[in-house]
Participant: 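Here you go, one structure.
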Amino acid sequence: MSKDQNTATVFFDRDGTLNHDTSYIKTPEELVLFPDTLTAIKLCNDAGIRVMVVSNQSGLARGYFSLTDVESIHQYLRDQLGEGGAWIDDFFVCPHHPDDACWCRKPNPGMIEQASARYPISLAKSYVVGDKYIDVELAAKAKLKGLLVKTGPSCEEALRMIQANHLPVACVAECLLDAVNWILHDVKGAEVA
Ligand SMILES: [Mg+2]
Ligand SMILES: [Zn+2]
């Protein structure tokens, strides 16, 4: 299936969403995928959905690790998924410090704009999946559907803030696979409509 504007796109957060968030992951060894990550990504691949990763990595600005380290971590992630026939179409990383007030650090929509400049993305057919409040906030700012997965360390805080700020959230999912199944169902519904 060729990917064009009719292709749905899912922007996945990385830490706490695809893998355990052990805080400032510096090496491939520290990146441990959740048990359902491969299956979830492969379901998207098989459905012809574009798969992106959008990740805040302020550890770069803090000097905890280098861009080369991030690239080797992402290569390791690609290799892990590739063993099961799954893949990520592209990665977008914000390397800045929160104090830099950049446009790419989530919840700002810069990384989604970068992706939209590189691919024919229809925002109306796009989703953000993440474990933090900022991921759902990003979805709201960029006018995509936002899904919260309860697999990160600050899940309770995210739920509390979503409620307090009346932030629209399309789905709160126990795990990544539940979130992806919700998306597959939603994409199918949109095709029928
Ligand atoms: Mg996260
Ligand atoms: Zn940035």
Side-chain angles (χ1 to χ4, degrees), residues 7-25 30-57 73-74 76-78 80-89 91-92 106-107 109 111-112 115 123-192:
T7 303
T9 301
V10 185
F11 295 93
F12 290 99
D13 166 55
R14 195 189 81 185
D15 304 331
T17 300
L18 303 180
N19 54 277
H20 291 270
D21 185 353
T22 50
S23 179
Y24 300 116
I25 291 169
E30 290 174 17
L31 186 106
V32 179
L33 294 182
F34 289 121
D36 60 348
T37 298
L38 198 152
T39 306
I41 300 298
K42 187 158 177 15
L43 279 171
C44 292
N45 297 145
D46 291 348
I49 293 170
R50 211 185 263 117
V51 175
M52 305 289 190
V53 168
V54 285
S55 184
N56 285 352
Q57 293 295 332
I73 289 163
H74 289 172
Y76 176 75
L77 177 50
R78 284 185 198 275
Q80 295 273 297
L81 295 175
E83 281 175 22
W87 69 89
I88 288 163
D89 290 284
F91 290 81
F92 295 86
K106 295 182 285 186
M111 289 190 281
I112 287 182
L123 295 181
K125 292 181 179 179
S126 299
Y127 305 83
V128 176
V129 180
D131 68 306
K132 284 191 177 163
Y133 179 75
I134 53 165
D135 296 303
V136 181
E137 205 183 356
L138 166 70
K141 282 192 182 209
K143 298 189 167 53
L144 320 182
K145 287 177 185 169
L147 291 84
L148 184 82
V149 282
K150 295 165 75 175
T151 46
S154 50
C155 159
E156 293 306 321
E157 187 195 353
L159 287 169
R160 200 163 7 90
M161 286 177 70
I162 285 169
Q163 202 169 20
N165 297 321
H166 307 288
L167 197 73
V169 55
C171 169
V172 176
E174 292 297 325
C175 63
L176 190 64
L177 192 54
D178 284 359
V180 163
N181 278 324
W182 188 95
I183 289 170
L184 292 174
H185 190 260
D186 195 58
V187 167
K188 245 190 205 120
E191 278 169 4
V192 173

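Worth knowing before you read on, the calculation uses all heavy atoms, side chains too, and leaves out hydrogens, waters and symmetry mates. Predicted model, so just to flag it, every value in this text is computed and none were measured.
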Participant: So which heavy atom on Gly85 is nearest to which on Asn45, and how close?
Facilitator: O-OD1, 4.4 Å
Participant: Out of curiosity, Leu147 CG to Ile183 CD1, how far, rounded to the nearest 0.5 Å?
Facilitator: 4.5 Å
Participant: Is Ile112 close to Val128 at the side-chain level, that is, under 4.5 Å between some pair of heavy atoms?
Facilitator: yes
Participant: Considering all heavy atoms of both residues, which atom of Ala142 and which atom of Pro109 are nearest to each other, and what is their separation?
Facilitator: CB-CB, 4.2 Å
Participant: Checking the side chain of Asn56 only, and the main-chain atoms of Lys106 only, is there a donor and an acceptor separated by less than 3.5 Å?
Facilitator: yes
Participant: Testing Thr39, Thr37, Leu38 one by one against Ile41 for a side chain to side chain contact (heavy atoms under 4.5 Å, CB included), which residue passes?
Facilitator: Thr37
Participant: If you measure from CE on Met161 to OH on Tyr133, what distance do you get to the nearest 0.5 Å?
Facilitator: 5.0 Å
Participant: Among residues at least two apart in sequence or on other chains, which ones pass side-chain contact (heavy atoms from CB on, under 4.5 Å) with Asn19?
Facilitator: Arg14, Asp15, Ile25, Leu31, Leu33
Participant: Identify, with sequence neighbours excluded, every residue that meets salt bridge (charged side-chain N to carboxylate O under 4.0 Å, His left out) alongside Lys150.
Facilitator: Glu174
Participant: Which residues satisfy the salt bridge (charged side-chain N to carboxylate O under 4.0 Å, His left out) test with Asp131, sequence neighbours excluded?
Facilitator: none
Participant: Closest heavy-atom contact between Gly130 and Asp135?
Facilitator: CA-OD2, 3.5 Å
Participant: Calculate, to the nearest 0.5 Å, the distance between atoms CG and CZ belonging to Leu77 and Phe91 respectively.
Facilitator: 4.5 Å
Participant: Return the CG to CG distance between Leu138 and Leu144, rounded to the nearest 0.5 Å.
Facilitator: 6.5 Å
Participant: So which atom in Ala140 and which in Pro168 form the shortest heavy-atom distance, rounded to 0.1 Å?
Facilitator: CB-CG, 4.4 Å
Participant: With sequence neighbours excluded, what pairs up with His20 under the side-chain contact (heavy atoms from CB on, under 4.5 Å) test?
Facilitator: Thr22, Val32, Phe34
Participant: Please assess Asp89 against Val51 for the test side chain to side chain contact (heavy atoms under 4.5 Å, CB included), listing each intermediate value before the final yes or no.
Facilitator: CA-CA 5 Å; Asp89 290 284; Val51 175; 3.9 Å; yes
Participant: If I take atom CG from residue Leu43 and atom CG from residue Leu184, how far apart are they, to the nearest 0.5 angstrom?
Facilitator: 5.5 Å
Participant: Return the set of residues passing side chain to side chain donor-acceptor pair (under 3.5 Å) with Asn181 (not counting sequence neighbours), or none when no residue passes.
Facilitator: none
Participant: Let me confirm one number: the CZ-CZ distance from Arg50 to Phe11, rounded to the nearest 0.5 Å.
Facilitator: 8.0 Å
Participant: Provide the closest heavy-atom pair for Cys44 versus Val180 in the form atom of the first, atom of the second, distance.
Facilitator: SG-CG1, 3.8 Å
Participant: Tell me every residue that passes side-chain contact (heavy atoms from CB on, under 4.5 Å) with Arg160, counting only those two or more places apart in sequence or in another chain.
Facilitator: Glu157
Participant: Which atoms form the tightest heavy-atom contact between Leu167 and Glu137, and what is the distance?
Facilitator: CD2-N, 3.6 Å
Participant: Just by modelled atom types, is the Gly16 backbone N or O under 3.5 Å from a matching donor or acceptor in the Thr151 side chain?
Facilitator: yes
Participant: Ion pair present between Lys132 and Asp13, side-chain N to carboxylate O less than 4.0 angstrom?
Facilitator: no
Participant: Using a 4.5 Å cut-off on heavy atoms from C-beta on, say whether the side chain of Phe12 contacts that of Leu176.
Facilitator: yes
